[in-house]
2 protein chains.
Amino acid sequence: MPPKRRAEMVEETRAKLVRAARAAFAEKGYAAASMDDLTAEVGLTRGALYHNFGDKRGLLQAVVNQIDEEMAARAHAIGSQADSAWEGLLAEGAAYIEMALEPEVQRVVLLDGPAVLGDPSQWPSQNSCLRATIETVEALIAQGVVKPVDAEAASRLLNGAALNAALWIAASNDPRAVLARAVEAFRCLAAGLLVARD
Amino acid sequence: MPPKRRAEMVEETRAKLVRAARAAFAEKGYAAASMDDLTAEVGLTRGALYHNFGDKRGLLQAVVNQIDEEMAARAHAIGSQADSAWEGLLAEGAAYIEMALEPEVQRVVLLDGPAVLGDPSQWPSQNSCLRATIETVEALIAQGVVKPVDAEAASRLLNGAALNAALWIAASNDPRAVLARAVEAFRCLAAGLLVARD
DNA sequence: CAGACAAACATACGCTGCGTATGTTAGTTG
DNA sequence: CAACTAACATACGCAGCGTATGTTTGTCTG
C-alpha cells in the first residue's frame, strides 16, 4: 500500500463522515441525530466534524449535495433512454417520484433539508434535479412539443408536484398502488404543457 | 367583569401560548424557538406548556392546526366567489400560493411542520386545504369539466405544485413578478385536467 | 536535514434548552 | 368545610452543540 498523502486522508475522513451522517440523518432525522454518536461510529470525534464542515448544518449540506447529485444522474439516465423527449420528461418525473420513496431522499432531502437549509433552489448544488428538468422542458419548447411557457416556472411546479406525490406515497399503506395513481395524475397534469391536441 | 370560570381561564391560557408560539415559530423557526422565552412573553412558564400541550411538538401541532384551518377558510371563500367552478379551482390554487408567501405559513406549515410532524395528510387537521381541493375537483368531474381522473391524486399534485411555487417566490428577489410566472404555470398545468379542448 | 509552520484532528469546557419530578395555589365537589 | 384535583410554577438532570485549547503529523524551506 502506497503511503497515503495528506489530501487522500482528508478526503477519506470527509467521506466517512458523510457516509455516517447519511445513515444517521435518514434513520433518526436531522434533529435527533447526535454528532457524538455519528462521529464515533467511524472512529472519529466531533473535532473532525467541525474542522471539515464547520457545523452540523454544514454536514447536512454535504449529505444533501451528494444525494442530490446522485438523483440527478439517475433521473437523467432514465429520461435519456426514452423514445421521445416528451416521454423522457414523463419518465424523469416518474423516476423522481420513485426515488423520493427512499428514506434517505425523503427524510434528508425533502423534509429536513428545506427546513434546515431553506429553499432548495438556493442550495449550492443548485438542485440538480430542477436544472435537469428545466433543460428538458426548454428542449421540448424548442421542438414545438410544449407550449412556449416559462420553462423554469413549469419545471418548478412539476418537481413540486412530484415531491408531494412522493410524500403521499411514502406515508401510505400500499405504496405500489398509490405510486401508480400518482404517476397517472402526473402525466395528466404534465399534458397541460403540450400544444393543442386532438 | 364576571368571575372567570375555570374552563375560560384554561382556554385563555392555551390561546396565549398558541399566539406566542405562532410568532416565535414563524420568526425564529421551530428549532431555534425557546420554550422559556416563548412562555415568558405571555407571563407564563414552561409548566403551563407541558400541562396543556404535552411537549414542544404538541404546541407546534396546535399552531399548525390553527393556521391550516384559517387557510382553508380563506381559500374556500376566494374560490367560491368565482364565476365558474373551474375558475374557482384556479383561484383557489392562486390563493394557496399567495398565502404561502406569509412567513407564518411558509416557515411553520410548509417547512417545519412536515419535518417535525411528518406527512401533512396524516395530521389531525387532515390538511383542510387538501380536502377543499379534492371536493372542488370531484365537483368538476361530476360536471364533466374535468376528465375522470383520480381526484385525490390530482389534488395532491396540484397542492404540491402550489406549495413549491410558494417556496420559490418567497426566496426570490422580486416576489410579485415571480408570483405572476408561477400562477401562469399553475393554470397551464391545471389545464391538463380538462376534457379535450380546442 | 533540521527546524518552523500549519493542517488535521482530539480533548475539555460552558451554555442552552428540553423534559420531568416535585411543590403550590386555587377551584370544585360531596 | 374538608378532601380532592386541575392548573400551573419551580427545581433538577441530562443531552447536545459549539468553541477554545491542546497534540500530533505532515510539509516546506533555508
Side-chain angles (χ1 to χ4, degrees), chain A residues 1-64 108 112-113 115-118, chain B residues 1-21 23-64 108 112-113 115-117:
Chain A
M1 192 169 59
K4 293 188 178 174
R5 302 241 159 272
R6 195 118 181 202
E8 296 174 8
M9 296 287 292
V10 171
E11 208 47 43
E12 191 177 319
T13 296
R14 292 175 61 94
K16 280 199 285 191
L17 288 174
V18 169
R19 191 184 339 130
R22 243 178 110 141
F25 287 158
E27 190 178 350
K28 310 177 182 181
Y30 174 80
S34 163
M35 296 295 99
D36 272 323
D37 298 350
L38 240 189
T39 52
E41 276 177 22
V42 289
L44 293 167
T45 68
R46 284 200 332 238
L49 210 170
Y50 287 92
H51 181 73
N52 282 290
F53 298 98
D55 59 356
K56 193 179 182 180
R57 285 185 64 214
L59 182 59
L60 176 63
Q61 183 80 66
V63 171
V64 164
V108 180
D112 288 333
V116 177
L117 305 173
Chain B
M1 192 169 59
K4 294 189 179 175
R5 301 243 159 269
R6 194 117 185 203
E8 296 174 8
M9 296 287 292
V10 172
E11 207 48 43
E12 190 178 318
T13 296
R14 292 177 61 96
K16 280 199 284 191
L17 288 174
V18 169
R19 190 184 340 130
F25 288 159
E27 189 178 352
K28 309 178 182 182
Y30 175 79
S34 163
M35 295 295 99
D36 272 323
D37 299 351
L38 239 188
T39 52
E41 277 177 22
V42 289
L44 294 168
T45 69
R46 283 199 334 238
L49 211 171
Y50 287 92
H51 181 73
N52 282 289
F53 298 98
D55 59 356
K56 193 179 182 180
R57 285 184 64 214
L59 182 57
L60 176 62
Q61 183 81 67
V63 171
V64 163
V108 180
D112 288 333
V116 176
L117 305 173

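Chain letters run A, B, ... following the sequence lines, proteins first, then strands; residues in each count from 1.
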Nearest heavy atoms of A/Asp112 and B/Ala115, plus distance in Å: OD1-CB, 3.9 Å
Any pair counted as side-chain hydrogen bond (donor to acceptor under 3.5 Å, both in side chains), so long as it reaches residues 15-24 of chain A, sequence neighbours left out: A/Arg22-A/Gln66, A/Arg22-A/Glu70, A/Arg22-A/Glu104
May I have the list of side-chain donor-acceptor pairs in residues 56-64 of chain A shorter than 3.5 Å, sequence neighbours left out?
from    : atom 1 : to      : atom 2 : distance (Å)
A/Lys56 : NZ     : A/Tyr30 : O      : 3.0
A/Lys56 : NZ     : A/Ala33 : O      : 3.1
A/Gln61 : NE2    : A/Asn65 : OD1    : 3.4

Atom-to-atom span, NZ of A/Lys16 to P of C/dA8 - whole angstrom: 15 Å
Within residues 46-63 of chain A: residues closer than 4.0 Å to DNA chain D (heavy atoms): A/Arg46, A/Tyr50, A/Asp55, A/Lys56
Ring pair (Phe, Tyr, Trp, His ring centres under 6.0 Å) partners of residues 36-64 of chain A, not counting sequence neighbours, each pair once: none
Qualifying residue, where the test is side-chain contact (heavy atoms from CB on, under 4.5 Å) with B/Thr13 and the options are B/Leu44, B/Val18, B/Val42: B/Leu44
Net bend of the helix from C/dC1-D/dG30 to C/dG30-D/dC1, end axes of five pairs each, nearest 10 degrees: 10°
Residues in contact with DNA chain D, drawn from residues 23-44 of chain A - heavy-atom cutoff 4.0 Å: A/Ala33, A/Ser34, A/Met35
All pairs passing salt bridge (charged side-chain N to carboxylate O under 4.0 Å, His left out) where residues 24-35 of chain B contributes a residue, at least two apart: none
Atom-pair distance (CD on B/Glu12; P on C/dA26), nearest Å: 17 Å
Residues forming a side chain to side chain contact (heavy atoms under 4.5 Å, CB included) with B/Ser34, sequence neighbours excluded: B/Asp36, B/Asp37
Side-chain heavy atoms of B/Leu17 within contact of B/Leu38, under 4.5 Å: no
Spatial distance of atom CG (A/Asn52) from atom CD (A/Glu11) [nearest 0.5 Å]: 9.0 Å
Distance in Å, A/Leu49 CG paired with A/Arg14 CZ, rounded so as to fall on 0.5 Å steps: 10.5 Å
